[in-house]
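Inspection log for the structure reproduced underneath, given as C-alpha cells.
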Amino acid sequence: MSTAVEHLLAVRNAIVKAEAGANRPEGSVTLVAVSKTFDADEIRPVLDAGQRVFGENRVQEAQSKWPGLRNDYEGIELHLIGPLQSNKSEDAVALFDVIETVDREKIAAALASEMKKQNRFPKLYVQVNTGSEPQKAGIEPKEAVTFVKRCRDVHDLTIAGLMCIPPADENPGPHFALLEKIAREAGVEKLSMGMSGDYEIAVGFGATSVRVGSAIFGSRT
Ligand SMILES: *Cc1c(COP(=O)(O)O)cnc(C)c1O
C-alpha cells in the first residue's frame with residue numbers, strides 16, 4: 001500500500017472518531033483531499049483507494065492534471081480552494097464542481113455570467129477572512145452576511161456554504177465558531193473548515209467538509 005493511501009485511511013478513521021466524539025452521524029463530514037503540487041501519478045493510488053473528492057488551489061495546475069484523471073476514474077468531484085482571478089472564471093466554471101473562494105463582487109459577477117454562458121453550475125462557497133488578515137483572501141466577517149445576500153439578490157447565485165482558513169498561529173476554534181455563526185445568519189448549510197493540523201477540531205465545530213493535504217500526500221516542497 002502506498003504511503004499516501006495509508007495516510008488517507010488514517011485520516012478517514014480520525015474523521016469517523018471525531019464525528020462520533022461530536023455526536024454527529026458517521027459520514028456527515030466530506031474529506032476533500034488537497035492534491036495541489038502533487039502530480040497525477042501521485043494522485044492515482046488515492047483514487048484507486050476510492051477517494052473521489054479533491055481540492056486544488058490553482059486553476060492552471062488543475063487543468064493540467066484532472067481532465068486526464070477524469071477520463072480514467074468515474075465520479076470525481078473537484079473543489080477550487082485557492083483565490084480566483086476573474087479572468088480565470090471561464091476555466092474555473094468549466095473544470096470545477098465546487099468553487100470555495102467567492103469573496104468579492106467582481107468574482108460573483110464573473111461567475112454568474114460564465115455559469116449562464118456555459119450552462120454549468122458549480123456549487124459556490126463564500127470565503128470568509130475570519131482573522132481579518134491583510135495578506136489573506138476572503139470577505140471580512142462583518143461584511144459576509146450582506147455579501148451572501150448580494151450574491152443571491154444581485155447576481156442570482158446560490159451560495160451553498162462558507163469556507164475559512166484561520167490564521168496559522170492562532171487557536172482555530174474561535175474562527176470555526178465564527179464561520180458557523182455567520183453561516184447561520186446568512187442561511188447557508190455547508191462549512192468548509194479544517195486542514196491537516198486541525199480537521200478533527202473543525203469536525204467538533206460543525207465542519208461539513210475538511211480540506212486535508214499534507215496529512216495525506218506528505219509535505220509539499
Ligand atoms: C493547501 C491548502 C489546504 C491543505 O493544507 P494542509 O495543511 O496541507 O492540509 C487546505 N485549504 C487550503 C485553502 C489550502 O490552500
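For this chain, numbers begin at 1 and follow the sequence in order. What you see is a predicted model; the values in this text were computed from it and never measured.
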Looking at every non-hydrogen atom in both residues, tell me the closest pair between [X] and [Y] and how far apart they are.
| X | Y | result |
| --- | --- | --- |
| Leu84 | Arg104 | O-NH2, 3.1 Å |
| Leu179 | Met193 | CD2-SD, 3.8 Å |
| Phe96 | Ala62 | CZ-CB, 3.6 Å |
| Ala22 | Val203 | CB-O, 4.2 Å |
| Lys65 | Thr37 | NZ-N, 4.0 Å |
| Asp103 | Ala137 | OD2-CB, 3.6 Å |

Let me confirm one number: the [atom1]-[atom2] distance from [X] to [Y], rounded to the nearest 0.5 Å.
| X | Y | atom1 | atom2 | result |
| --- | --- | --- | --- | --- |
| Ile216 | Leu9 | CD1 | CG | 10.0 Å |
| Arg220 | Lys36 | CZ | NZ | 4.0 Å |
| Leu8 | Leu31 | CG | CG | 6.5 Å |

Hydrophobic clustering (ILVMFWY, side-chain heavy atoms < 4.5 Å, transitive) - are [Y] and [X] grouped together?
| X | Y | result |
| --- | --- | --- |
| Leu157 | Val145 | yes |
| Ile76 | Val93 | yes |
| Phe176 | Val32 | no |
| Leu111 | Leu162 | yes |
| Leu191 | Phe205 | yes |

Are [X] and [Y] close enough that some pair of their side-chain heavy atoms sits under 4.5 Å apart?
| X | Y | result |
| --- | --- | --- |
| Phe121 | Thr158 | no |
| Leu178 | Pro141 | yes |
| Thr130 | Cys164 | yes |
| Gln51 | Arg12 | yes |
| Asp39 | Ile43 | no |
| Val29 | Thr208 | no |
| Val126 | Phe147 | yes |
| Ile139 | Gln127 | no |

_side-chain contact (heavy atoms from CB on, under 4.5 Å) partner of Ile99, the single match among Val59, Leu80, Leu78, Ile107_ = Leu80

Any side-chain donor near an acceptor of the partner, [X] and [Y], under 3.5 Å:
| X | Y | answer |
| --- | --- | --- |
| Ser192 | Arg211 | yes |
| Glu56 | Ser35 | yes |
| Glu170 | His175 | yes |

*Do the ring planes of Phe217 and Phe54 sit parallel (below 30°), tilted (30 to 60°) or perpendicular (above 60°)?*
tilted

_side-chain contact (heavy atoms from CB on, under 4.5 Å), that's the test. Do Tyr199 and Ile15 meet it? Break it down for me._
CA-CA 8 Å; Tyr199 64 94; Ile15 290 172; 3.8 Å; yes

*Give the C-alpha distance, both sets of side-chain angles, the deciding distance and a yes or no for side-chain contact (heavy atoms from CB on, under 4.5 Å) between Asn129 and Glu140.*
CA-CA 5 Å; Asn129 187 359; Glu140 282 296 306; 4.1 Å; yes

*Give the C-alpha distance, both sets of side-chain angles, the deciding distance and a yes or no for side-chain contact (heavy atoms from CB on, under 4.5 Å) between Thr101 and Met163.*
CA-CA 7 Å; Thr101 50; Met163 180 271 236; 3.9 Å; yes

*Indicate yes or no: does Arg70 engage Asp97 in a salt bridge with an N to O separation below 4.0 Å.*
yes

*asked:* Any salt bridge linking Glu100 with Lys123? Criterion: basic side-chain nitrogen under 4.0 Å from a carboxylate oxygen.
replied: no

*asked:* Quick check against the 3.5 Å criterion: does Lys136 have a side-chain atom that pairs as donor or acceptor with the backbone of Ile165?
replied: yes

*Quick one: salt bridge (Lys or Arg N to Asp or Glu O under 4.0 Å) pairs with a partner in residues 142-168, sequence neighbours left out?*
Glu105-Arg150

*What pairs meet the salt bridge (Lys or Arg N to Asp or Glu O under 4.0 Å) rule with one or both residues in residues 71-90, with sequence neighbours excluded?*
Arg44-Asp72

*Give the intermediate values and the outcome of side-chain contact (heavy atoms from CB on, under 4.5 Å) for residues Leu47 and Leu69.*
CA-CA 9 Å; Leu47 281 156; Leu69 290 169; 3.9 Å; yes

*asked:* Check this for me: Lys190, atom NZ, are more than 12 non-hydrogen atoms of other residues, nucleotides or ligands nearer than 6.0 Å?
replied: no

